[in-house]
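Keep in mind that what you see is a predicted model, and the values were worked out from it rather than measured.
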Amino acid sequence: MDAFYLQHAIELARHHSRSGVNGPFGALVVSHGQIVGEGWNRVVEKNDPTAHAEIVAIRAACRQLASFDLPQAVLYASCEPCPMCMAAIYWARIPKVVYACSRDDAADIGFDDARIYDQIAQPPQDRQIEMIQSLAQEGRDVFAQWCRNPRRIMY
């Protein structure tokens with residue numbers, strides 16, 4: 001079944017990128033043999049740098065299942081997920097990703113995530129984006145308050 005769902009993700013990419021506005025990426029989330037979320041790259045269309053196919057599909061699946069995590073799901077993507085999408089996949093606790101094109105294939109057409117992968121691995125002070133930590137104790141106070149809340153839901 002992986003090939004069937006992966007082909008569907010590729011078709012989402014093919015169909016929605018024809019206009020040239022949306023990028024050539026498609027994704028879907030499958031849970032218990034059912035497609036529960038579909039997505040395609042909508043970054044330019046929505047003026048939203050987070051509107052990657054995988055993120056759109058995860059959001060749709062979470063709405064459909066009324067859940068903030070997807071531990072029984074599989075994500076199918078037309079391309080290896082970028083660092084942002086991989087983070088979302090980890091946060092959603094999706095245990096399996098099946099993809100077609102590699103990050104190198106994406107780099108060959110101008111979508112090069114290597115800089116982001118490299119920057120994430122750097123300590124904050126060595127990143128190209130200026131990172132300033134301030135008011136750490138005030139932030140920790142909020143964490144402590146949250147930890148004491150018996151109604152907190154861990155995610």
Side-chain angles (χ1 to χ4, degrees), residues 1-2 4-6 8-13 16 22-103 106 111-155:
M1 284 306 280
D2 283 348
F4 171 80
Y5 293 123
L6 186 55
H8 185 84
I10 292 167
E11 286 305 316
L12 286 170
H16 291 285
N22 297 317
F25 304 98
L28 55 105
V29 176
V30 175
S31 182
H32 302 290
Q34 299 293 316
I35 297 172
V36 293
E38 293 183 347
W40 51 91
N41 184 285
R42 302 180 79 183
V43 169
V44 175
E45 174 190 347
K46 296 290 185 183
N47 292 317
D48 179 353
T50 69
H52 289 202
E54 298 89 338
I55 302 290
V56 173
I58 290 168
R59 288 174 178 162
C62 287
R63 277 192 308 274
Q64 174 73 23
L65 299 175
S67 178
F68 60 82
D69 64 356
L70 304 165
Q72 305 300 322
V74 177
L75 186 133
Y76 295 87
S78 63
C79 188
E80 181 180 358
C82 76
M84 175 184 68
C85 293
M86 280 305 302
I89 290 162
Y90 277 104
W91 280 116
R93 295 182 178 91
I94 296 172
K96 180 179 177 182
V97 174
V98 179
Y99 62 93
C101 297
S102 72
R103 71 175 86 167
F111 293 93
D112 192 357
D113 300 331
R115 181 180 67 88
I116 299 170
Y117 280 106
D118 292 343
Q119 286 292 300
I120 288 171
Q122 298 297 319
Q125 69 274 10
D126 293 339
R127 294 182 185 150
Q128 291 174 345
I129 294 173
E130 185 177 10
M131 304 285 294
I132 301 169
Q133 184 176 16
S134 183
L135 301 176
Q137 188 54 54
E138 287 83 344
R140 287 187 203 105
D141 291 345
V142 174
F143 281 3
Q145 176 187 348
W146 185 82
C147 286
R148 290 189 303 269
N149 185 341
R151 297 175 300 186
R152 75 180 184 276
I153 298 171
M154 196 63 194
Y155 58 92

Seminar exercise, completed: With sequence neighbours left out, the residues meeting salt bridge (Lys or Arg N to Asp or Glu O under 4.0 Å) with Asp2 are Lys96
Heavy atoms of other groups near [X] [atom1], more than 12 under 6.0 Å:
{"X": "Glu130", "atom1": "CD", "value": "no"}
{"X": "Arg152", "atom1": "CZ", "value": "yes"}
{"X": "Gln133", "atom1": "CD", "value": "no"}

For this session: Look at the aromatic rings of Phe68 and Tyr155 and report parallel, tilted or perpendicular, splitting at 30° and 60°.
Result: perpendicular
For this session: Specify whether Phe25 and Phe111 have parallel, tilted or perpendicular ring planes, treating 30° as the upper limit for parallel and 60° as the lower limit for perpendicular.
Result: perpendicular
Could you measure the distance from the [atom1] atom of [X] to the [atom2] atom of [Y]? Nearest 0.5 Å is fine.
{"X": "Met131", "Y": "Asp126", "atom1": "CE", "atom2": "CG", "result": "11.5 Å"}
{"X": "Leu28", "Y": "Tyr76", "atom1": "CG", "atom2": "OH", "result": "8.0 Å"}
{"X": "Leu65", "Y": "His32", "atom1": "CG", "atom2": "NE2", "result": "8.0 Å"}
{"X": "Ser67", "Y": "Gln72", "atom1": "OG", "atom2": "CD", "result": "10.0 Å"}
{"X": "Tyr99", "Y": "Leu6", "atom1": "OH", "atom2": "CG", "result": "11.0 Å"}
{"X": "Cys79", "Y": "Asp113", "atom1": "SG", "atom2": "CG", "result": "7.5 Å"}

For [Y], is there any backbone N or O sitting under 3.5 Å from a side-chain donor or acceptor partner on [X]?
{"X": "Glu54", "Y": "Ala27", "result": "no"}
{"X": "Arg103", "Y": "Asp112", "result": "no"}
{"X": "Asn41", "Y": "Ala53", "result": "no"}

Exercise. Does the side chain of Gln145 pick up a donor-acceptor pair with the side chain of Asn149 at under 3.5 Å?
Worked result: no
Over all heavy atoms of both residues, which pair between [X] and [Y] is shortest? Give the atoms and the distance, please.
{"X": "Ile58", "Y": "Ala92", "result": "CG2-CB, 4.2 Å"}
{"X": "Glu38", "Y": "Ile35", "result": "CG-CG2, 3.8 Å"}
{"X": "Ala60", "Y": "Gly37", "result": "CB-CA, 3.9 Å"}
{"X": "Gly26", "Y": "Ala13", "result": "N-CB, 3.4 Å"}
{"X": "Ala100", "Y": "Ile10", "result": "CB-CD1, 3.8 Å"}
{"X": "Gly39", "Y": "Leu12", "result": "O-CD1, 3.9 Å"}

Side-chain contact test, heavy atoms from C-beta onward, threshold under 4.5 Å: evaluate it for [X] versus [Y] and give yes or no.
{"X": "Ile89", "Y": "Val97", "result": "yes"}
{"X": "Gln128", "Y": "Gln119", "result": "yes"}
{"X": "Thr50", "Y": "Met84", "result": "yes"}
{"X": "Ile94", "Y": "Pro71", "result": "no"}
{"X": "Arg93", "Y": "Leu70", "result": "no"}
{"X": "Val98", "Y": "Val74", "result": "yes"}

Problem set entry | Steps toward side-chain contact (heavy atoms from CB on, under 4.5 Å) verdict (Gln34, Val30) | CA-CA 5 Å; Gln34 299 293 316; Val30 175; 5.8 Å; no
For this session: Might you work through the side-chain contact (heavy atoms from CB on, under 4.5 Å) test for Cys82 and His52, ending with a clear yes or no?
Result: CA-CA 9 Å; Cys82 76; His52 289 202; 3.4 Å; yes
